[in-house]
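Beneath this line is the structure, given in structure tokens, with notes to follow.
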There are 2 protein chains.
Amino acid sequence: MVEADSNSTLSYALLGLIWQKASSGYDLRKFFSSTPIRSFSDSPGAIYPALRRLEGRKLIRSRIEGKGGKRQRRVFEITSRGRLTLRRWQSQPITRDDVVHNADTLMMRFAFMDEFADRATALRFLQSFRQQLTAYLTELRRYLKANRQFMSISGRLALESGIQGYETLFRWAKRALATYQRLATHQRKEN
Amino acid sequence: MVEADSNSTLSYALLGLIWQKASSGYDLRKFFSSTPIRSFSDSPGAIYPALRRLEGRKLIRSRIEGKGGKRQRRVFEITSRGRLTLRRWQSQPITRDDVVHNADTLMMRFAFMDEFADRATALRFLQSFRQQLTAYLTELRRYLKANRQFMSISGRLALESGIQGYETLFRWAKRALATYQRLATHQRKEN
DNA sequence: TAGTCCATGTAAGATGTTACATGATTCA
DNA sequence: TGAATCATGTAACATCTTACATGGACTA
């Protein structure tokens, strides 16, 4: 009954932003060009068609705002179906493939956690992320150890850069977990 | 006279690998699926058409290898035009946009440095990379400082993750430069 | 009044994903 | 002999890039 969710990362980003605040295509483009939100393109050729698709799937709806002498704007707002879709996206389990190919999509998922998911989902995400990172780091280190003797200096350095990037993510995940746990403690004390 | 180089990152990766060693499409797919080479997809639907395009642009050429009772393989090797294209790609200046949107493409460029470019190009790359990273980090930190009070915890953490990633790249670039400088010193001593 | 920003879009083309298709060869 | 692996490809589809197009409103 529930059909497959297949939306691009851009679509999910748009959906999240529209959930935060009903917006026009132009607003969203400005947002992408003026903030470091894992810097999507702000090109109209990407954004306007993506909005149409979301509307076609009934994840958002639009109305034209032209009141007063103002110029016309098509303002989008999220539907309940859209909220459901975004939540489902956020609470998907993290796979090895996510970690290897879509690390920044994962971070996009996490950025919206506080607003659209509950604390438990955020914690599950971080724990599962940490676990996948551990596993992948083991793989990478093993590969480096086995092959470093056959690699050029620049090749080895490039691989090390990848490993260091994942190590940084791992430390980040640990710290993020600690942050949430500290928060929970404070809240208990307040009650 | 020299037309615009517009090849995807996948195409450049294929070109570099073929330069290292004449290969069939199947070899290249296996390479992508068995090494952590910034993990491109190993899907035939991406690789075979990309090889055809490279051949159409005369950056590689192919011959069919079927000697003996063996199965047929189409083996690709790089042309001098291909070598030129790859070198030109590697020695392009690093832009802000590269740093913001294509950090892993940059790493791919660097990975092949020792094999296809000279030491000076590698050093220029690292210096320029370090400089762009410094500039972008300043931007990101300024943005965080100005906006952290308005951000949710998960939003702030996600942004911090991005900053930490760039800090790691920055430290990497410094260390890589030091590695090459140490190397140069040793070589001088040996002479 | 000329330039810049607001605001929305389309068209052509490149690239990549997913799924399907085919056949030879090797190995248990 | 059947399964796995070698080996190459195509077709349909989604998505994104680049470039173009349009017009209103604000401002120096």
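In what follows, every heavy atom counts, from backbone to side chain, and hydrogens, waters and symmetry copies are set aside. Order of the sequence lines fixes the chain letters, A, B, ..., with proteins taken first and strands second; residue numbering starts at 1 for each chain.
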### Query
Can a side chain N or O of A:R53 be found less than 4.0 Å away from OP1 or OP2 on D:dT15?
yes
### Query
Given atom CG of B:N102 and atom C1' of D:dC16, what is their separation to the nearest angstrom?
13 Å
### Task
Could you tell me whether B:R175 and A:E160 make a salt bridge, using a distance below 4.0 angstrom between a side-chain N and a carboxylate O?
no
### Query
Contact class for A:R29 vs. all strands (heavy atom < 4.0 Å): base, sugar-phosphate, or nothing?
base
### Task
Remember a base hit wins even if backbone is also touched, and classify B:S11 as base, sugar-phosphate or nothing at under 4.0 Å, heavy atoms.
nothing
### Query
Rounded to whole angstroms, how far apart are CZ on A:R63 and P on C:dT8?
13 Å
### Task
Find the distance between OH (A:Y143) and CE (A:M151) and round it off to the nearest 0.5 Å.
5.5 Å
### Message
Check the phosphate of D:dT17 against A:S41, side-chain N and O only, distance under 4.0 Å to OP1 or OP2. Yes or no?
### Response
yes
### Whole-Å gap separating P (C:dT8) and NZ (A:K30)
11 Å
### B:Y48 side chain near D:dG9 phosphate (N/O to OP1/OP2, under 4.0 Å)
no
#### Entry: A:K21/A:D27 ion pair, N-O < 4.0 Å
no
### Query
Counting side-chain heavy atoms from C-beta on, which of C:dT18, C:dG16, C:dA7 comes nearest to B:S43?
C:dT18
### Message
Counting only side-chain nitrogens and oxygens, does B:Y26 get under 4.0 Å of the OP1 or OP2 atom of D:dC6?
### Response
yes
### Query
For A:R74 and D:dT22, what is the distance between atoms CZ and P respectively, to the nearest whole Å?
20 Å
### Query
Which listed nucleotide (D:dT15, C:dA7, D:dC6) is nearest to the side chain of A:S8?
D:dT15
### Query
Any Lys/Arg nitrogen of B:E77 or B:R63 sitting under 4.0 Å from an Asp/Glu carboxylate oxygen of the other?
yes
### Query
Nearest heavy-atom pair of A:Y180 and A:D114: which atoms, and what distance?
OH-OD1, 2.8 Å
### Task
Examine distances only and state if a side-chain atom of B:T35 and a backbone atom of B:F32 form a donor-acceptor pair shorter than 3.5 Å.
no
### Message
On DNA chain C, does the nearest nucleotide to B:A50 precede the nearest nucleotide to B:P44 from the 5' side, or the other way round? Give the residue.
### Response
B:A50
### Summary
Of B:R52 and A:I47, the one whose nearest nucleotide on DNA chain D sits closer to the 5' end is B:R52
### Task
Whole angstrom is fine here: how far is it from CG in A:D42 over to C1' in C:dC5?
14 Å
### Task
Consider the side chain of A:L10, meaning its heavy atoms from C-beta on, and name the nucleotide among D:dC16, C:dT8, C:dC6 that approaches it most closely.
D:dC16
### Task
Could you state the atom-to-atom distance from CD of B:E65 to C1' of D:dC6 in whole Å?
14 Å
### Task
Take the protein atom NE2 of B:H101 and the nucleotide atom C1' of D:dT17, then report the distance between them rounded to whole Å.
13 Å
### Query
What integer distance in Å separates B:Y12:OH from C:dA14:C1'?
14 Å
### Message
Taking any heavy-atom pair under 4.0 Å as a contact, classify A:G45: base, sugar-phosphate, or nothing.
### Response
base
### Message
Can you work out whether A:R73 or B:R57 has the more 5'-proximal nearest nucleotide on DNA chain C?
### Response
A:R73
